[in-house]
Amino acid sequence: MNVGTPIHTTGIVVALAAEAHTLVTRNVKSGRVIPMAEGAALYLSGMGPVAARQAAQQLAESGAVALSVFGVAGALSEQLRNGVLFCPECVLDEEGRSYPTDDRWRASLQQQLSRTAFPLRMDGTLLTAAAPLLTAAAKVTAHQRYGTLAVDMESAAVAAVARERDLPFIVLRAIVDEAQDAIPPALNGSVDAWGRARLLRLMAAMCGHPLLLGELPRLYSRMQRATQALRAAAQATGPTLGWHR
């Protein structure tokens, strides 16, 4: 499909390159609208609310009539385990602003996602944080303060654009790290905004913290299962992620 293909259905914001590759097989460049089949489009934004808001605005201005966020999230509740597909009823930001997701769209997704082999959670609230929560203690604190089941860094920003433009909005996340999982800061600092390894920083982290080498298999396994769940969800719902006019 060429770049000039009209966009007239779902605009999908993904933060990480690994997330984008569960939706399309070709190489995806960041910072631009990537047309998909059935009038949908993808935007690889990079992590964080500022990048996500810009992505949502670009998708809407390019013709998207529904906005979604697709990718991985971290669990705040022990009820959500690695590989669970999470489609929350509501998104909450750290200032307490709440953004309900579209009920009809969620119902359509639930019907389609029930055909996958991965567990599905369709209730509860997702928190959007400005910075990653890297420790189990930070996750416990966020869960107790906000009552949310999982956390990401993009959804509330996209939801705000959807509200401003009166567009339907939904989130579909696969849980990657569980509530008791910790992510070593040195490893977190070894990836760029799109989740790609910075090899020199990774090598320096390994040299400075040799015990980090033992963390890599666990983190790799968690990410593999989460991306498998995302790929299954994309196959079940199609490029519009279950949205229909």
Looking at F169, is its backbone amide N or carbonyl O close enough to the side chain of T101 to form a donor-acceptor pair, meaning the two atoms are under 3.5 Å apart? no
Same apolar cluster (I L V M F W Y, side chains within < 4.5 Å links), L23/L85: yes
Is the backbone N or O of A182 less than 3.5 Å from a side-chain atom of T135, with the two atoms forming a donor-acceptor pair by type? no
Taking the side chain as everything from C-beta on, heavy atoms only, tell me whether L76 gets closer than 4.5 Å to L133. yes
Under 4.5 Å between any side-chain heavy atoms of Q110 and C87, yes or no? no
Nearest 0.5 Å please: distance from the OG1 atom of T10 over to the CE atom of M36. 9.0 Å
Considering only NZ, NE, NH1 and NH2 on the basic side and carboxylate oxygens on the acidic side, decide whether D177 and K139 come within less than 4.0 Å. yes
Residue pair T125 / L92: nearest heavy atoms and the distance that separates them: CG2-CB, 3.8 Å
Closest approach of D93 and A156, non-hydrogen atoms and distance? CB-CB, 3.8 Å
Short side-chain to backbone donor-acceptor contact, Q112 and A236, under 3.5 Å: no
Please examine the side chains of L59 and L67, heavy atoms only from C-beta on, and report whether any two atoms are closer than 4.5 Å. yes
Would you indicate whether the side-chain heavy atoms of W243 and D102 approach each other to under 4.5 Å? no
Would you say the side-chain atoms of T9 pair up with the backbone N or O of A40, donor to acceptor, closer than 3.5 Å? yes
The residue among D152, L172, L126 that forms side chain to side chain contact (heavy atoms under 4.5 Å, CB included) with F86 is L126
So with a 6.0 Å cut-off around CZ of R104, is the heavy-atom count from everything else above 12? no
For the OG atom of S108 and the CG atom of D103, what is their distance to the nearest 0.5 Å? 12.5 Å
So do V72 and L230 actually touch side chain to side chain, heavy atoms under 4.5 Å? yes
Minimal non-hydrogen separation, A64 against L167, with atom names: O-CD1, 3.9 Å
Sub-4.5 Å side-chain heavy-atom contact between R53 and V161: yes
So, R121 versus Q79: side-chain donor-acceptor pair below 3.5 Å or not? yes
Minimum side-chain heavy-atom gap W105-S68 below 4.5 Å: yes
Might you work through the side chain to side chain contact (heavy atoms under 4.5 Å, CB included) test for R81 and I175, ending with a clear yes or no? CA-CA 6 Å; R81 308 305 295 267; I175 299 300; over 6 Å; no
Could you measure the distance from the CZ atom of R163 to the OG atom of S98? Nearest 0.5 Å is fine. 6.0 Å
Atom CD of Q111: over 12 foreign heavy atoms under 6.0 Å: no
Does this structure show an ion pair linking E19 with R173, if we count only N-O contacts that are shorter than 4.0 Å? yes
I'd like to know if the side chain of T22 and the backbone of R231 have a donor-acceptor N/O pair within less than 3.5 Å. no
Cluster link L42 to L241, ILVMFWY, side chain under 4.5 Å: yes
Identify the two heavy atoms, one from S62 and one from V33, that lie closest to each other, and give their separation to 0.1 Å. OG-CG2, 3.6 Å
What are the two closest non-hydrogen atoms of A51 and G46, and how far apart are they? CB-O, 3.8 Å
Linked, directly or transitively: L127 and Y99 (ILVMFWY side chains, under 4.5 Å): no
Salt-bridge criterion met for R218 and E178 (N-O under 4.0 Å): no
Answer yes or no: is there a donor N or O on one side and an acceptor on the other, between the side chain of Y43 and the main chain of G31, under 3.5 Å? yes
Between R165 and E61, is any pair of side-chain heavy atoms under 4.5 Å apart? yes
Following the transitive rule for hydrophobic clusters with a side-chain heavy-atom cut-off under 4.5 Å over Ile, Leu, Val, Met, Phe, Trp and Tyr, establish whether L149 and V171 coincide in one cluster. yes
Rounding to 0.5 Å, atoms CG (D123) and CG (L120) come to a distance of 9.5 Å
Donor-acceptor pairs are to be reported for all side-chain atoms of residues 140-148 against protein atoms at under 3.5 Å, with residues two or more places apart or in another chain.
unit_1, atom_1, unit_2, atom_2, d
T141, OG1, A137, O, 3.0
H143, ND1, T148, O, 2.8
Y146, OH, E94, O, 3.3

Using the side chain to side chain contact (heavy atoms under 4.5 Å, CB included) rule, take K29 and L44 through it: C-alpha gap first, then chi angles, then the decisive distance, then the call. CA-CA 7 Å; K29 293 184 178 181; L44 175 58; over 6 Å; no
Heavy atoms of A157 and A52 approach each other most closely as CB-CB, 4.2 Å
CD (E164) with more than 12 external heavy atoms under 6.0 Å: yes
Nearest 0.5 angstrom please: M223 CE to N82 CG, how far? 10.5 Å
Are V151 and F70 linked, directly or through intermediate hydrophobic residues, by side-chain heavy-atom contacts shorter than 4.5 Å (ILVMFWY only)? no
